[in-house]
There are 2 protein chains.
Amino acid sequence: MDIEARPPQTTQQYVLDQLRRAILTGQLAPGSAIRQDALADQLGVSRVPIREALKILEGEGQVIYRPRRGYMVAELALEDFLEVYRIRQILEDEAVRRAVERITDEDIQRLQDAHADVVAAGQAGEITAMAAANRRFHFTLIDAAGMPRLRRFLSILWDASDVYRSLYYSEESNRERVDREHKGIIDAVRARDTDDLIRRLSEHRAGTVATFREFMAKQES
Amino acid sequence: MDIEARPPQTTQQYVLDQLRRAILTGQLAPGSAIRQDALADQLGVSRVPIREALKILEGEGQVIYRPRRGYMVAELALEDFLEVYRIRQILEDEAVRRAVERITDEDIQRLQDAHADVVAAGQAGEITAMAAANRRFHFTLIDAAGMPRLRRFLSILWDASDVYRSLYYSEESNRERVDREHKGIIDAVRARDTDDLIRRLSEHRAGTVATFREFMAKQES
DNA sequence: ACAATCAATATTGGATCCAAAATAAAATCT
DNA sequence: AGATTTTATTTTGGATCCAATATTGATTGT
């Protein structure tokens, strides 16, 4: 399923991919320090490409950097999570408004394909694959807006909350809900019904937020 | 006037500051390649901190990176400029909505101080200082929203268009207009009149966009 | 004169090394 | 024993070096 067969062009790109994966899977836990030397040994590279990859992640807010103290994986408090979702709301509303005007039949086909992958991965219980397909689904819509900066910001926001979104998919009932809501979203796109689409997407996001709220409440106890 | 008397903590920070300045002043022109070796000589440092600083700027979209080809200063076509301002519009609307609810009297005092600096710099004809004070003015408002990610995105968007905003200030009539509009903005904040504030800010931005449009039209001929 | 090929040069990417700072551990003092 | 200072260790920041790739310039052939 993974298309990325060819190796990355540079070592820093390779390191960046690995770091993303480690953060996503929780191998590098939120709040933990990132030891450059250990990581270099583990990946079989020197510290130089690691430092460059970390600078990229710093820019995305995935890691926190303190001069002469090094990097640590960013944590996401409830407050932060809500901010991420609030900004997503605002930016995605704008994105789909533009997208509806510009979207092609091929795009809609891609939307359907991505959703098929979501369902397939969901039934197979492959949470990671499902998260990836889900992201493809939503970014097909976002890409159709043709706004590269907006796309990049949204990408950063999705990255920030990716870890916790997997939580949502781990529940069977939520997976069914995603299936249902995605179908509704596709219908709204086909009908070019912007208001309906925005409403459905808002509803769609609300589920994840609720799950995160519960999760954080349980964490405290 | 420059408060930043103490030197940066690390060399990469110093290089980052210098690169920002060079891009802002046009010393590094949009579209031009950035030669790491030459820059290292010029700043009296090695290439390592330069590479790290460039990675930060890459993340902000200020420079474009192509593997094994190096970095070049990003260009801003009219289309890009309009996207930047559209996203600014959306995010700043949200920011001020929150800000109005949370803003304190000290914040409003800071707003006034910043505006006084804008006017003073404007009368002295110091465009760079005026741009800096103007930024302080607007980010006082944005900061009051208490949304760090939104603040960061807006910071990136301001950076992207900073070069061209100076263009706007270079005209005397525009400087007067800024003075007038800022006063109106402060009044709206004091009155906690969100709708009026949003309207005024929108109007305020429109001037810069118009100037950029004219500039680009002239460029072509 | 122009295009294509080959050689020379410039530039980036990564590894290794050392100094400076931060952290952890040991020793000293009250 | 507990707090404080001193010493040892770990870790980051920066410089230098070399290999791999890209770019430029020269050479050859048509």
Side-chain angles (χ1 to χ4, degrees), chain A residues 4-23 26-75, chain B residues 4-23 26-75:
Chain A
E4 197 183 0
R6 75 201 140 108
Q9 289 196 340
T10 60
T11 309
Q12 40 180 302
Q13 190 59 54
Y14 164 71
V15 172
L16 184 58
D17 292 346
Q18 292 302 313
L19 275 173
R20 281 193 203 286
R21 189 182 309 269
I23 292 172
Q27 270 184 285
L28 285 174
S32 65
I34 298 174
R35 293 286 151 241
Q36 299 174 18
D37 236 333
L39 198 68
D41 281 3
Q42 201 180 317
L43 298 180
V45 301
S46 82
R47 273 176 51 219
V48 176
I50 287 181
R51 281 161 67 175
E52 291 190 317
L54 284 169
K55 276 278 168 271
I56 291 291
L57 292 175
E58 183 194 350
E60 297 176 1
Q62 294 257 79
V63 302
I64 308 294
Y65 170 68
R66 287 156 67 207
R68 311 205 173 273
R69 311 242 149 120
Y71 299 84
M72 55 179 259
V73 183
E75 295 177 277
Chain B
E4 197 182 3
R6 74 199 140 107
Q9 290 196 339
T10 60
T11 308
Q12 40 180 303
Q13 189 60 54
Y14 164 72
V15 172
L16 185 58
D17 293 346
Q18 292 302 312
L19 276 173
R20 281 193 203 286
R21 190 182 308 268
I23 292 173
Q27 270 185 285
L28 284 174
S32 66
I34 298 173
R35 292 289 150 237
Q36 299 175 16
D37 237 335
L39 198 68
D41 281 2
Q42 201 180 317
L43 298 179
V45 301
S46 83
R47 273 176 52 221
V48 176
I50 288 181
R51 280 160 67 175
E52 291 189 318
L54 284 169
K55 277 277 169 267
I56 291 290
L57 292 175
E58 182 195 350
E60 296 176 0
Q62 294 257 78
V63 301
I64 308 293
Y65 170 69
R66 287 156 67 208
R68 309 201 174 275
R69 308 236 154 131
Y71 300 84
M72 55 180 258
V73 183
E75 296 177 277

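Here is the naming used below: chain letters follow the sequence lines, and residue numbers restart at 1 for every chain. Here the structure is a predicted model, which is why all the values come from computation and not from measurement.
A pairwise comparison of heavy atoms in A:Ala29 and A:Val73 identifies O-CB, 3.4 Å as the closest pair. Smallest separation of non-hydrogen atoms from B:Ala53 and B:Val15: CB-CG1, 3.8 Å. Residues B:Pro30 and B:Ala74 approach most closely at CB-O, 3.6 Å, considering heavy atoms. A:Asp17 approaches A:Pro8 most closely through the heavy-atom pair OD2-CG, 3.8 Å. Shown here for A:Gln12 and B:Tyr65, the closest heavy-atom pair between the two residues is NE2-OH, 3.7 Å.
Looking at A:Glu58 and A:Lys55, a side-chain N of the basic residue comes within less than 4.0 Å of a carboxylate O on the acidic one, giving a salt bridge.
Going from atom CD of B:Gln9 over to atom CZ of A:Arg68 covers 8.0 Å, rounded to the nearest 0.5 Å. Taken from CD in A:Gln18 to CD1 in A:Ile50, the straight-line distance is 11.0 Å, to the nearest 0.5 Å. For the atom pair CZ (A:Arg21) and CD1 (A:Ile23), the distance works out to 12.5 Å, reported to the nearest 0.5 Å. Here the straight-line distance linking atom OH of A:Tyr71 with atom CG of A:Leu19 works out to 11.0 Å at 0.5 Å rounding.
Residues from residues 37-60 of chain A placing a heavy atom under 4.0 Å of any atom in DNA chain D, listed by number, are A:Arg47, A:Arg51. Using a 4.0 Å cutoff on non-hydrogen atoms, the parts of residues 28-36 of chain A near DNA chain D are A:Ile34, A:Arg35, A:Gln36, ordered by number.
For C:dG13, the OP1/OP2 oxygens have a side-chain nitrogen or oxygen of B:Tyr65 closer than 4.0 Å.
Legend: residues meeting side chain to side chain contact (heavy atoms under 4.5 Å, CB included) with A:Glu60, ordered by chain and number and at least two apart, are A:Arg20, A:Ile56, A:Leu57, A:Gln62, A:Arg152, A:Ile156, A:Asp159.
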Under 3.5 Å between N/O atoms: give me all the protein pairs with nucleotides 20-25 of chain C, atom names plus distance.
| unit_1 | atom_1 | unit_2 | atom_2 | d |
| --- | --- | --- | --- | --- |
| C:dT23 | OP1 | A:Arg69 | NE | 3.4 |

I'd like a table of donor-acceptor pairs (distance under 3.5 Å, sequence neighbours excluded) in which one partner is a side-chain atom from residues 38-47 of chain A, with atom names and distances.
| unit_1 | atom_1 | unit_2 | atom_2 | d |
| --- | --- | --- | --- | --- |
| A:Ser46 | OG | A:Val48 | N | 3.4 |
| A:Arg47 | NE | A:Gln36 | OE1 | 3.0 |
| A:Arg47 | NH2 | A:Gln36 | OE1 | 3.3 |

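Of all nucleotides in DNA chain D having an atom under 4.0 Å from a heavy atom of chain A, the first and last in 5' to 3' order are D:dT11 to D:dG14.
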